[in-house]
> 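Quick one: the structure is below, and I'll ask about it shortly.
All ligand and atom numbering here is 1-based and tracks the order in the structure. Hydrogens, waters and symmetry mates play no part in the numbers below; they use all other heavy atoms, side chains included.
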Amino acid sequence: MDRFVIRGGVPLAGSVTPSGSKNAVLALMAASLLAEGDVVLENTPGVRDLQTMIRILKRLGVDAGWESSGTVRVQAAEPSSVEAPYELVRTMRASFMVLGPLIARCGHARVSLPGGCGIGARPVDQHLKGLRALGAKVELTGGYVEAHADRLRGTHLVFDVPTVTGTQNVLMAACLAEGTTILENVALEPEVTELCTVLTGMGACIRGTGTARLEVEGVSRLSGVRHRVVADRIEAATLLVAAAVTGGDVEVRGAEPGHLDAVLDKIREAGAEVTVSEGGIRLRAGARASGTRINTAPYPGFPTDMQAQMMVLLALAEGPSVVTETVFENRFMHVPELRRMGARITVDGRTAVIEGVPFLSGAPVMATDLRASASLVLAGLASRGETNVLRVYHIDRGYHQIEQKLSSLGGRIRRVRD
Ligand code: UD1
């Protein structure tokens, strides 16, 4: 198992380009199941979750793989299987997104239920509610969702909660349904918007892209498309916070600043200078961060996927901070590890109260999930002494060669294969 060995204390400096968006590309690969022609996705990150999605598509009898570095090609001319098995789905919840496209395209799907997850129960009731509303007969048997529909029919659905992958799953299915589907209270995350854009490029008829109400006019077939995936907004924000916690000066290139408004606001509130130009987003850290209040929320609110990383900055800030996690019920698993590095954080339910300390100290720490791992790496870079981050396979799920990007900025971080 790999670990990162980090010697903290170097202010990061220079410029860096994040990889393409992992979450966007996972949905786009699921969407490729709808297309009769080739779907080619450029600027695709070489992360482990993507390999998992490639394996799932292959299990469905689809030709999927890397055409070249950074480019994935999916040829779903005729999926020969409709089953996404437990052993793959349990390793990555986003695999559940093949359900909607499979029913729409093949009339039948058998997809393992993803089960719980470290950060919360993460139900899929909204995905199923949407597919049922589209006319699919959905049964739960032996840990699997079995769904049938000769042809889905348009419907009017209001999501109980704005769910990202739930919106994407139902939206993809609606594209091949007969008639008009209206989806309300959909998630507004940029990954949903990007999916709408790509589906439209495939021949889907979607109105309301970027709003909370999508109107889909079903079509009978979709064709292939070539698309360049947008930069990963969470990786971009993670690199900016890495600059902030080390007292650095870093420009992140190629990211879409409009996707990061809530994060940039909070970084500024904490005292760093952030400027946006054509070249990128530049962060110059101030003397010492100041405490602030953060509530995670669906987009355009502060992303839950940045909560753990931001907490490192607040752990080092002058004055107290309060972080409330409203999206997932158990997303403070980084807190005990940060405490071992000297952070003063108490958790009560969904709220963490942070008393800033002047410095953190290196320690061996354990990565528990993707974003928690990223926060430990940032804490290591900001600490005095050496930090070993164990179980970095979590971080490899969603950050491509993060240690190389951080090293290129002067961070002393190396991967050790034990
Ligand atoms: C996606 C992202 C993940 C991010 C999350 C929230 C991908 C692959 N993953 O996950 O990185 O942390 O959005 O921004 O894009 N919910 C229900 N019923 C459902 C579905 C969701 O109650 O059927 C609840 C969840 O428990 C959670 C909230 O809705 O409280 C939002 O979750 P959701 O947007 O679905 O997260 P994911 O799509 O799984």
> Pick, from Thr326, Thr304, Val164, the option with the minimum heavy-atom distance to atom 13 (O) of ligand 1.
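Checking each option, the heavy atom nearest atom 13 (O) of ligand 1 is found in Val164.
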
> Taking distance alone, with N or O pairs closer than 3.5 Å, would you say Arg371 contacts ligand 1?
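No, since none of the N or O atoms of Arg371 sits under 3.5 Å from an N or O of ligand 1.
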
> Any idea how His108 and His148 line up, ring-wise: parallel (<30°), tilted (30 to 60°), or perpendicular (>60°)?
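The arrangement is parallel - the two ring planes meet at less than 30°.
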
> Looking only at protein heavy atoms, identify the closest one to atom 23 (O) of ligand 1 and say how far it is in Å.
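For this ligand atom, the closest protein heavy atom is Gln126 N, 2.7 Å.
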
> If you measure from CZ on Arg284 to CZ on Arg282, what distance do you get to the nearest 0.5 Å?
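If I round to the nearest 0.5 Å, the distance is 3.5 Å.
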
> Hey, are Glu273 and Arg268 close enough for a salt bridge, meaning a charged N less than 4.0 Å from a carboxylate O?
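No, no charged N to carboxylate O under 4.0 Å.
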
> State whether Glu251 and Arg253 are salt-bridged, where the test is any N-O pair (Lys NZ or Arg NE/NH1/NH2 against Asp/Glu carboxylate O) under 4.0 Å.
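A salt bridge is present here (some side-chain N lies under 4.0 Å from a carboxylate O).
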
> Any idea which protein heavy atom is nearest atom 35 (O) of ligand 1, and the distance to it?
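Minimum-distance protein heavy atom for atom 35 (O) of ligand 1 reads Thr163 OG1, 2.7 Å.
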
> Under the salt bridge (Lys or Arg N to Asp or Glu O under 4.0 Å) test, which residues partner Arg344, sequence neighbours left out?
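Not a single residue meets the salt bridge (Lys or Arg N to Asp or Glu O under 4.0 Å) criterion with Arg344.
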
> Show every salt bridge (charged side-chain N to carboxylate O under 4.0 Å, His left out) that has at least one partner inside residues 140-153, sequence neighbours left out.
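Residue pairs with at least one partner in residues 140-153: Arg110-Glu146.
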
> Report yes or no: is the cationic atom of Arg331 (NZ for Lys, CZ for Arg) closer than 6.0 Å to the six-membered ring centre of Phe328, at no more than 45° off its axis?
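No, Arg331 does not sit over the ring of Phe328.
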
> What protein heavy atom sits nearest atom 25 (C) of ligand 1, and how far off is it?
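Going by distance alone, atom 25 (C) of ligand 1 is nearest to Phe328 CE2, 4.1 Å.
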
> Among protein heavy atoms, which sits nearest to atom 24 (C) of ligand 1, and what does the distance come to when rounded to 0.1 Å?
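Answer for atom 24 (C) of ligand 1: Val161 CG2, 4.1 Å.
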
> Show me which atoms of ligand 1 lie under 4.0 Å from any heavy atom of His127.
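Contacts of ligand 1 toward His127, numbered from 1: 23 (O).
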
> Below 4.0 angstrom, N of the basic side chain to O of the carboxylate: do Arg415 and Asp396 qualify?
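Salt bridge flag = yes for Asp396 with Arg415.
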
> Name the option, out of Val192, Thr165, Leu195, Asn169, that contains the heavy atom nearest to atom 37 (P) of ligand 1.
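Of the listed residues, Thr165 has the closest heavy atom.
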
> Check if Glu191 has a non-hydrogen atom at a distance under 4.0 Å from any atom of ligand 1.
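Outside the 4.0 Å threshold, so no.
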
> If you measure from CG on Leu314 to CG on Leu316, what distance do you get to the nearest 0.5 Å?
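With rounding to 0.5 Å, CG (Leu314) is 9.0 Å from CG (Leu316).
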
> Please list, in number order, the atoms of ligand 1 under 4.0 Å from a heavy atom of Ala94.
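So the atoms of ligand 1 that pass are 8 (C).
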
> Just to check, does Met53 reach to within less than 4.0 Å of ligand 1 when the distance is taken from its heavy atoms?
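No; Met53 lies far enough from ligand 1 that no heavy-atom distance drops under 4.0 Å.
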
> Side chain, backbone, both or neither: which part of Met306 comes within less than 4.0 Å of ligand 1 when only heavy atoms are counted?
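For Met306, no heavy atom sits under 4.0 Å from ligand 1.
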
> Starting from atom 18 (N) of ligand 1, find the nearest protein heavy-atom neighbour and note its residue, name and distance.
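Answer for atom 18 (N) of ligand 1: Asp125 OD1, 2.8 Å.
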
> Please work out, at 4.0 Å between heavy atoms, whether the side chain, the backbone, both, or neither of Lys22 comes within that distance of ligand 1.
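The answer is neither; Lys22 stays 4.0 Å or more away.
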
> Where the closest heavy atom to atom 10 (O) of ligand 1 is concerned, which of Arg122, Met97, Arg93 has it?
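Closest candidate by heavy-atom distance is Arg122.
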
> Distance only, no hydrogens: is a donor on one side chain within 3.5 Å (strictly under) of an acceptor on the other, for Gln126 and Thr163?
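Not at all, the side chains of Gln126 and Thr163 share no donor-acceptor pair under 3.5 Å.
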
> If you measure from the Lys or Arg side-chain nitrogens to the Asp or Glu carboxylate oxygens, is any gap between Arg350 and Glu325 under 4.0 Å?
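No, no charged N to carboxylate O under 4.0 Å.
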
> One residue to check: Tyr299. Relative to ligand 1, which of side chain, backbone, both or neither has a non-hydrogen atom less than 4.0 Å away?
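None of Tyr299 does.
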
> Looking at Asp49 and Lys22, does any basic side-chain N land under 4.0 Å from a carboxylate oxygen?
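Between Lys22 and Asp49 there is a salt bridge, with a charged N closer than 4.0 Å to a carboxylate O.
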
> Quick one: which ligand 1 atoms are inside 4.0 Å of a heavy atom on Arg331?
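Atoms satisfying the 4.0 Å criterion: 12 (O).
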
> I'd like the name of whichever of Asp369, Asn23, Val327 reaches closest to atom 30 (O) of ligand 1 through any heavy atom.
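The residue whose heavy atom sits nearest atom 30 (O) of ligand 1 is Val327.
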
> Counting heavy atoms only, which part of Asp305 comes closer than 4.0 Å to ligand 1: side chain, backbone, both or neither?
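Asp305 to ligand 1: side-chain contact only, backbone stays beyond 4.0 Å.
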
> For ligand 1, is any non-hydrogen atom under 4.0 Å from Pro123's backbone (N, CA, C, O), its side chain (CB onward), both, or neither?
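Both of them.
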
